[in-house]
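Atoms within each ligand, like the ligands themselves, are counted from 1 in listed order. Heavy-atom basis, side chains included; hydrogens, waters and symmetry copies ignored.
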Amino acid sequence: MLNIKKLVRSNILDLQPYSSARDEFSGSEGVFLDANENPYGEFNRYPDPYQKELKQKLAVQKGVDIDTIFVGNGSDEVIDLAFRVFCDPGMDKALTFTPTYGMYDVSAAINNVKLLKIPLNKEFQIDRTTLDHKRDDKSIKLVFICSPNNPTGNLMNQRDIEFILENFNSIVIIDEAYIDFAEGDSLINLIDKYSNLIVCQTFSKAWGLAAARVGMAYSNSEIISLLNKIKPPYNVSKLNQNLAVQALENKALYKAHLKRILSEKIKLKNALDKLDVVKKIYPSDANFFLIEVTNAEAVYAALVAQDIIIRKRTKLVPNGLRITVGTAQENQSLITALKNIS
Ligand SMILES: *Cc1c(COP(=O)(O)O)cnc(C)c1O
């Protein structure tokens with residue numbers, strides 16, 4: 001077990017956090033004259049700073065304790081907060097495996113933290129032989145592993161993730177934004193086993209609430225307290241908390257949409273397979289495909305000209321394009337447009 005305190009920035013350990021009105025009194029009954037709120041209106045009161053109703057529902061769904069859950073303004077907030085808890089700007093480093101999600105890079109740069117990038121192998125898996133020189137680098141405070149990985153689509157091998165959890169003196173963040181589309185298991189069940197593990201999930205993808213900005217981190221209560229200590233006091237609005245609670249109360253609809261997306265995904269892959277313009281389709285555990293074409297810029301431009309927008313990933317993967325699975329009709333429009341190109 002790692003000593004987490006040794007990884008935390010000393011100013012954060014010493015920090016006296018802001019104590020909001022709802023920190024000092026959290027009961028729900030009474031005459032509230034403590035927060036300078038307007039007494040009139042429907043959304044006049046500050047929201048619950050710790051999102052208890054939402055966390056209670058998540059705790060039941062995930063089979064974890066409430067104090068192992070952090071809720072953020074999207075999981076992108078968790079990524080930024082992790083840099084601010086663990087990385088001294090200009091000194092510490094973070095590590096990730098490329099190609100991967102661009103926010104790790106941006107968040108690292110905003111926080112003036114060097115992000116080391118180790119290439120994934122041909123199957124987009126972690127190659128353990130590339131880790132030898134990094135294991136002993138005490139300045140690496142954070143390791144980001146995206147699984148299923150964006151933009152490649154594949155789950156990472158669990159044994160490689162556990163190898164890193166066991167061998168690095170770092171916090172390891174597993175970004176599971178797409179886990180609900182995958183057949184493999186979430187690693188949330190490992191948060192008791194590894195004191196340095198944080199698992200991020202989100203309402204933005206499979207739950208269909210990208211507009212609401214609600215993301216989660218699951219970890220031990222010590223790490224969760226550190227994230228709570230530095231977050232903006234009311235980081236998730238009441239409207240957004242309500243939307244997430246409603247989604248969890250309406251699981252049947254969510255499951256129906258998920259099922260449809262997964263069956264459309266199979267149809268889309270079969271259709272893409274038949275097109276000459278598509279040179280390669282990478283295996284996907286997510287709701288998108290990374291494909292390779294001969295001339296990605298030309299294919300992208302020709303699709304845009306037909307009002308179909310996909311994601312150019314050519315800087316990450318040569319001639320790589322990322323295609324999100326849409327509705328049956330949207331996918332059909334894409335296939336028709338691609339046929340016009342080839
Ligand atoms: C979409 C995505 C997220 C989601 O971020 P939110 O801030 O929760 O919307 C996180 N990680 C990855 C890899 C993603 O692709």
Quiz item: For Val71, does its backbone N or O pair with a side-chain atom of Asn235 as donor and acceptor, under 3.5 Å?
Solution: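 Indeed, once roles are kept as given, a pair shorter than 3.5 Å links the two residues.
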Quiz item: Is it true that the side chains of Arg135 and Asn167 contain a donor and an acceptor less than 3.5 Å apart?
Solution: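 Per modelled atom types, Arg135 and Asn167 side chains form a pair under 3.5 Å.
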Quiz item: Around ligand 1, what residues show up once you keep those with a heavy atom under 4.0 Å from it?
Solution: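 Correct list: Gly74, Ser75, Asp76, Tyr101, Cys146, Asn150, Asp175, Ala177, Tyr178, Thr202, Ser204, Lys205, Arg213.
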Quiz item: Taking only residues at least two apart or on different chains, which pairs with a member in residues 219-246 satisfy ring-ring contact (aromatic ring centres under 6.0 Å, His included)?
Solution: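 Counting only pairs at least two positions apart or across chains, the ring-ring contact (aromatic ring centres under 6.0 Å, His included) contacts touching residues 219-246 are Tyr46-Tyr234.
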Quiz item: Under the side-chain contact (heavy atoms from CB on, under 4.5 Å) criterion, do Val278 and Asp273 qualify, and how do the steps go?
Solution: CA-CA 7 Å; Val278 177; Asp273 251 333; over 6 Å; no
Quiz prompt | Aromatic centroids of Phe181 and Phe288 separated by under 6.0 Å | solution =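 Judged by ring-centre distance (under 6.0 Å), Phe288 and Phe181 do not meet the cut-off.
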Quiz prompt | Stepwise side-chain contact (heavy atoms from CB on, under 4.5 Å) test for Thr314 and Tyr300 | solution = CA-CA 10 Å; Thr314 47; Tyr300 178 81; over 6 Å; no
